[in-house]
Number of protein chains: 2
Amino acid sequence: MSIKVLVVEDEEAISHLLKYNLTAEGFEVSVVDDGDEALMAAEDFQPDIILLDWMLPNVSGIEICRQLRARSETRDIPVIMLTARAEEEDRLRGFDKGADDYVTKPFSMKELVARIHAVLRRTNPAATGNVVTFGDIVLDRETMRVTRGSVTVTLGPTEFRLLETLIKRPGRVYSREQLLDRVWGQDIYVESRTVDVHIGRLRKALNKGGLVDPIRTVRASGYALDETYSG
Amino acid sequence: MSIKVLVVEDEEAISHLLKYNLTAEGFEVSVVDDGDEALMAAEDFQPDIILLDWMLPNVSGIEICRQLRARSETRDIPVIMLTARAEEEDRLRGFDKGADDYVTKPFSMKELVARIHAVLRRTNPAATGNVVTFGDIVLDRETMRVTRGSVTVTLGPTEFRLLETLIKRPGRVYSREQLLDRVWGQDIYVESRTVDVHIGRLRKALNKGGLVDPIRTVRASGYALDETYSG
DNA sequence: TGCTCGCTGTCATAAATCTGTCATCAAACT
DNA sequence: AGTTTGATGACAGATTTATGACAGCGAGCA
């Protein structure tokens, strides 16, 4: 599954350039040229990262950024600001509003791509390597294998993705709806109670042999990996 | 509490220099000179930021970086790479492996300190946006956890929302009706005395172990967090 | 084609936990 | 003292979560 980039840019010269180059780099690119579309696309297209022009018609990039941060559906999507100005003042203001990085025009594609990767790594560190760990739990994307301690844990595809999702941010509570979105996909309709069942299956597999349950149920909210657990 | 820096550097000349200068700048500095130690120290010393030499004996800095990113315990610690080479190629590779910034030797202390602050500014706010505190009480929306001092406080959903509401404006007095509106929702009908009960429950959970009650009862008006309380 | 097998989603039921109300007592005001 | 307002334990009922059972699906295979 390729990385999805949403480009918000009104100058066609630039957006074309970006689309062309980023597509060549293997990203899946969607372009919009105005703020309202940006907000809609952010929810709809579910990009992994947003490249946001500072200067936009109607609404400024900063405002978009603020609004992205205000909605829980889009809050976690990292944003890189694209701007013509290089002044530190603006840079800080950008960060302040929730931008994750900042690229000054004109920029080299190479640098932009590197920064995209850097930001993704930082905000979604699990995307980095093929191996992620949490306490004594090791999840390997490459071999699709999970181990706990020295024991191999057998998981179905759904449980695997569920754990993969939870482990991205240990401690963070995911609602059933968020899990459905992330694990099952946005266009799938399943009962939200189904999440319970899969959490149960994941628990059973993970804790086989009487181990401590690393998954925390948060009543009326959802589930999380228990960050106080460490072995 | 000062900012903790972990320096991973095998050349003693440099690590001494760093330790001396960073300590003088008010950082708490720990130095290790090899990759495995670095990984251990990262978990153990819990630095706020890591300065990582590119060239290390045994394992390369890049590899360390990758491994730091794989573990949930160390995933969020930002990394600044120190390197002798200035080539863009390497720079990009560094970003690619998860570095947050990149400093080329020889560097001025001033620049390094500035970069440390810049990186911390960039990485911290995102992580702490969902946390509110009042005195020694910490409420984290992301993990849906409340702690007092170092103890986790167990709250039901209603008590959680109640505290969440009160903590938004410490000191402000909320009438029972206002609390019902904000905590229970506008279209719900419950006895206004029910608020008393939940305040009681919140108090019990919060003050377990004989702590000072941070909630102030305002006779004939309602409740508030006591702004004179601060620990 | 027909069969097995593992995985899924849903449901019914049991278990766990939380809630709202009331009765009663304590504290604060007049 | 009398009156009003808040604190609190008890409890029945309501919500929410856990779990076992089951039927449908689809891949792999004879």
Side-chain angles (χ1 to χ4, degrees), chain A residues 144-146 152-166 173-208 210-224 226, chain B residues 144-146 152-166 173-185 187-208 210-226:
Chain A
M144 298 286 277
R145 238 175 241 282
V146 174
T152 297
V153 176
T154 313
L155 297 178
T158 306
E159 280 78 53
F160 186 88
R161 287 197 306 275
L162 187 54
L163 179 59
E164 191 183 4
T165 302
L166 291 174
V173 176
Y174 291 87
S175 71
R176 291 183 175 71
E177 284 66 29
Q178 287 170 329
L179 290 173
L180 285 176
D181 264 15
R182 290 159 204 240
V183 176
W184 276 258
Q186 308 121 240
D187 306 319
I188 312 289
Y189 173 72
V190 285
E191 251 339 290
S192 79
R193 283 289 148 201
T194 299
V195 174
D196 298 31
V197 177
H198 283 276
I199 286 280
R201 287 169 180 161
L202 178 55
R203 276 182 168 140
K204 181 146 61 164
L206 232 33
N207 309 340
K208 193 175 296 186
L211 295 167
V212 181
D213 186 9
I215 298 176
R216 180 164 69 108
T217 300
V218 183
R219 186 172 236 255
S221 293
Y223 299 93
D226 191 338
Chain B
M144 299 288 273
R145 250 184 228 282
V146 174
T152 296
V153 176
T154 312
L155 299 178
T158 306
E159 280 78 53
F160 187 91
R161 288 197 305 275
L162 187 54
L163 178 59
E164 193 183 4
T165 302
L166 290 174
V173 179
Y174 291 87
S175 71
R176 292 182 175 71
E177 285 66 30
Q178 287 170 329
L179 289 173
L180 285 176
D181 263 16
R182 288 158 206 243
V183 176
W184 276 258
D187 306 319
I188 311 288
Y189 173 73
V190 284
E191 256 330 297
S192 80
R193 283 287 150 202
T194 298
V195 175
D196 299 31
V197 177
H198 281 278
I199 286 281
R201 287 170 180 160
L202 178 55
R203 276 180 168 141
K204 180 145 72 167
L206 232 33
N207 309 338
K208 193 176 295 185
L211 296 166
V212 182
D213 186 9
I215 299 176
R216 182 164 64 104
T217 301
V218 183
R219 183 168 238 257
S221 295
Y223 300 93
L225 280 187
D226 191 339

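Below, chains carry the letters A, B, ... as their sequence lines are ordered, and counting in each starts from 1.
A salt bridge links B:R145 with A:D226; the closest basic N to acidic carboxylate O contact falls under 4.0 Å.
Separation of atoms CD1 (B:I215) and CG (B:L166) is listed at 6.0 Å; rounding is to 0.5 Å. Separating the CG atom in B:L211 from the CG atom in B:L206 is a distance of 8.5 Å, to the nearest 0.5 Å. Atom CG of residue A:L162 and atom CG of residue A:L179 lie 6.0 Å apart, to the nearest 0.5 angstrom. Here the OG1-CG distance, from B:T158 to B:L202, works out to 11.0 Å after rounding to the nearest 0.5 Å. Between atom OG1 of residue B:T194 and atom CG of residue B:L180 there is a gap of 7.5 Å, rounded to the nearest 0.5 Å.
Residue A:F160 is classed as having no contact, given no heavy-atom separation below 4.0 Å to the nucleic acid.
Atom CZ in B:R216 sits roughly 15 Å away from atom P in C:dA28 (whole-Å rounding). At whole-Å resolution of the value, CD in B:E159 and P in C:dC18 are 8 Å apart. Counting to the nearest Å, the P atom of C:dC18 and the CZ atom of B:R161 are 13 Å from each other. B:D196 has its CG atom 17 Å from the P atom of C:dA26, to the nearest Å.
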- [ ] Produce a footprint string for nucleotides 9-17 of chain C: one letter per nucleotide, 5' end first; B if the base is under 4.0 Å from any protein heavy atom, S if only the sugar-phosphate is, - if neither.
- [x] BBB----BB

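Looking only at distances, no side-chain donor or acceptor of A:R216 sits under 3.5 Å from a matching main-chain atom of A:A224.
Of the candidates B:R176, B:R203, B:H198, B:Y223 forms a side chain to side chain donor-acceptor pair (under 3.5 Å) with just one, namely B:R176.
Note that the first and last nucleotides of DNA chain D, 5' to 3', having any atom under 4.0 angstrom from a heavy atom of chain A are D:dT15 to D:dA21.
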